[in-house]
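By convention here, the first residue in the shown sequence is residue 1. Atoms within each ligand, like the ligands themselves, are counted from 1 in listed order. Quick note: numbers below take in every heavy atom, side chains included, and nothing from hydrogens, waters or symmetry partners.
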Amino acid sequence: MAKIAIDLKSGSIKKEDNLIVGIDLGTTNSLVAYIQDEQPVIVRDAEGRSGLVPSLIYFASDTEVMVGDAARSHLVDDPGRTIFSVKRLMGKSFSDLVDYTHQLGYQILQDDKDRLVKIRIGDTFYTPIELSAHILRELKKRVESELDRTVDKAVITVPAYFNDAQRQATRDAGRLAGLDVLRIVNEPTAASLAYGIGLSREDSKTVAVYDLGGGTFDISILRIEDGVFEVIATNGDTFLGGDDLDQAIVSHWKDQFELQINSASEGQVLRLEAERAKKALSASLDFSGHFGSVPVSLSRSEFEVLIQPMIAKTMICCQAAMKDARLDPQSINEVIMVGGSTRIPYVKNTVSQYFGRPVHCEFDPDEVVAAGAAIQADILAGNRKDLLLLDITPLSLGIETVGGLMDVIIPRNTKVPCGYARQYTTSVDGQKNLKIGVFQGERDLVANNRKLAEFILSDIPPMPAGIPKLEIRFQLNADGILQVVAKELRSGTSQSIMVKPQYGIDEEEMGRMLLDSIRHAEEDMQQKALAEARNEGNMMVQSAGKFILQNKAWLSPEEVAQIEDLALQLSNAIEEDSKDIIQTRIESLNAFTTPLAHKALEVHVAGAMKGQAIK
Ligand code: ADP
Ligand code: MG
């Protein structure tokens with residue numbers, strides 16, 4: 001078994017095992033790469049052709065899962081069990097996604113709008129983390145079979161605009177797939193590294209990275225100084241990409257050739273033909289193909305007219321990013337093209353014109369992020385002696401939240417010094433004191449991590465559960481001393497403590513803690529999911545009780561009895577060990593109470609109006 005040895009001072013993995021792979025976990029396609037003879041190598045399919053693994057997952061049954069090309073045909077024949085674009089769901093709650101769910105063929109749960117979403121397939125509930133883990137497992141398998149060895153360490157890229165929750169979700173997905181995620185790297189940073197930009201300390205540059213993928217567009221402006229990459233502005237459109245260009249061709253053809261689409265699968269066939277045309281037109285000036293027995297054709301100039309409005313939109317985003325960065329196009333030193341859709345000559349020309357310089361497209365634009373991730377991984381592995389690594393914190397630091405869960409505030413491998421804050425609230429009405437347990441480690445339940453300190457924030461003015469705003473701030477200084485400050489923001493009550501996180505942990509123990517977190521990832525996440533389902537269930541039971549009390553004036557005895565019965569069934573499920581049963585009962589209770597809650601709102605509003613009308 002691989003032993004993880006970390007050099008505490010540099011944060012690098014020791015020589016014994018110096019292979020860390022780089023992964024581009026994309027919305028449409030994912031790839032894995034590694035470094036050989038100082039060059040990035042993209043892992044390709046068995047025929048040695050494409051390195052792209054379509055980010056598609058098909059659940060033939062609960063246990064039989066297909067990823068990539070094998071899942072593609074099921075988008076048409078079994079859409080409810082075929083997951084695409086899971087990256088869009090990472091770290092998101094239902095309320096983040098309301099406008100989007102109707103576009104998905106699969107089912108997203110909407111029981112608790114502010115919690116992280118879950119996807120229902122048959123009678124099983126999956127988190128986006130579990131789904132992404134399937135893609136990562138496939139990539140891990142590919143690189144392992146190419147290199148004929150186990151691979152358990154990776155760097156994974158994310159868009160520069162990903163927030164903390166989205167990054168954490170990506171990290172967790174890696175861990176669930178059996179990968180120790182040494183760092184989450186911004187996609188534009190990886191793309192710059194692939195072009196060698198920022199690799200030497202002297203390299204001071206401002207770089208624009210234009211990324212047009214399958215479903216999203218991003219522009220990022222980076223400032224690189226002393227080997228440090230700073231994202232100074234990002235902009236983009238999360239619903240604009242190659243898919244929309246395909247769609248434009250489809251509509252055009254439908255009109256021009258009067259095509260009749262009689263089924264979803266015919267629609268899919270036409271869409272694929274449109275994508276084929278689009279790709280062909282990146283290399284040639286004309287395309288001819290067919291849809292069934294009808295010949296279809298498109299010239300490059302016709303195509304350019306079709307996509308002009310969409311590319312113009314991306315340029316407006318570029319202008320907005322430049323404005324935020326307070327820069328004009330001439331002050332950009334390098335422009336890098338990323339994403340399969342930047343192969344289109346019209347896109348390259350438009351971007352090049354705006355920035356007034358040739359753009360970088362020497363690398364395959366859909367492989368450049370994975371290649372850069374591999375370079376970053378190689379630096380972390382300590383294989384590039386010329387490169388200096390900044391001090392990092394070797395284990396995650398966080399606090400205990402309801403259900404004994406570890407909530408990470410500073411993830412491991414974060415540069416020090418650093419400071420992060422998060423907001424929490426109380427779970428009980430009138431709660432005056434809050435115990436804050438500070439922990440170090442990678443496991444999901446604090447019981448499996450190392451406790452560093454505990455203190456009590458007292459004198460919180462009594463308020464209903466969920467109202468107090470508690471900010472917990474972690475400040476880690478360059479000597480590795482952690483200051484934890486807890487503050488109730490409404491009243492200003494605060495309390496702080498100093499701890500020394502690494503105290504008493506030797507390298508061997510640290511290695512064991514890291515390894516444990518991967519070995520137990522599956523079981524940890526199940527326990528975490530169960531704890532979360534229980535928390536959610538308890539909240540539902542509580543609110544059902546409150547709801548009956550507040551609305552007994554107009555609820556029928558049958559309705560009250562039904563709510564009580566469903567709540568009781570939920571309470572019973574909470575005692576058991578199945579998150580799926582808890583989830584199903586939450587669903588049932590929710591399905592019954594939602595229409596009543598709407599009615600309650602109407603009753604209250606009508607009551608309030610009446611009150612006004614009298615006076
Ligand atoms: P993502 O980063 O969103 O996962 P990719 O960078 O892999 O996506 O880009 C996928 C998109 O690139 C698809 O819409 C695909 O049709 C498009 N694409 C791939 N090759 C070409 C090409 N030669 N010309 C135009 N578009 C292309
Ligand atoms: Mg991409």
Could you pull out, from Arg276, Glu367, Glu275, the option with a heavy atom nearest to atom 15 (C) of ligand 1?
Glu275
For ligand 1, does Arg343 get within less than 4.0 Å through its side chain, its backbone, both, or neither, judged by non-hydrogen atoms?
side chain
Close approach of Ile344 to ligand 1, heavy atoms, under 4.0 angstrom:
yes
Compute the shortest N/O to N/O distance between Asn29 and ligand 1 and return yes if it is under 3.5 Å, no if not.
yes
Among Gly339, Gly26, Gly214, Pro345, which one puts a heavy atom closest to atom 13 (C) of ligand 1?
Gly214
May I ask you to check if ligand 1 and Ser282 share an N or O to N or O distance below 3.5 Å?
yes
Out of the candidates Asp218, Val338, Thr314, only one should pair with Tyr210 under the side-chain contact (heavy atoms from CB on, under 4.5 Å) rule; please name it.
Thr314
Which heavy-atom pair separates Arg343 from Pro365 by the least distance, and what is that distance?
CG-CG, 3.7 Å
Answer yes or no: is there an ion pair linking Asp246 with Arg271, defined by an N-O contact shorter than 4.0 Å?
yes
Can you say whether the rings of Tyr195 and Phe363 are parallel (under 30°), tilted (30 to 60°) or perpendicular (over 60°)?
perpendicular
Pair Asp444 + Arg175: basic N to acidic O under 4.0 Å:
yes
Looking only at protein heavy atoms, which one is nearest to atom 19 (C) of ligand 1, and what is the separation?
Lys279 CE, 3.5 Å
Heavy-atom proximity to atom 14 (O) of ligand 1 ranks first, among Lys278, Glu187, Lys87, for Lys278
Check whether any side-chain heavy atom of Ser192 lies under 4.5 Å from a side-chain heavy atom of Leu222, and answer yes or no.
yes
Phe257 ring center within less than 6.0 Å of Phe291 ring center
no
Ligand 1 to Thr27, heavy atom cutoff 4.0 Å, flagged ligand atoms 3 (O), 4 (O)
Ligand-residue contact atoms, ligand 1 with Gly242, heavy atoms, under 4.0 Å:
14 (O)
Mind checking whether Phe287 and Trp253 have parallel, tilted or perpendicular rings, split at 30° and 60°?
parallel
Among Gly340, Pro365, Ser341, which one puts a heavy atom closest to atom 5 (P) of ligand 1?
Gly340
Counting from 1, what ligand 1 atoms have a heavy atom of Thr28 closer than 4.0 Å?
1 (P), 3 (O), 4 (O), 8 (O)
Of the protein's non-hydrogen atoms, which lies at the shortest distance from atom 2 (O) of ligand 1, and what is that distance?
Gly213 CA, 4.2 Å
Is the NZ or CZ atom of Arg88 both under 6.0 Å from the centre of the six-membered ring of Phe239 and within 45° of that ring's axis?
yes
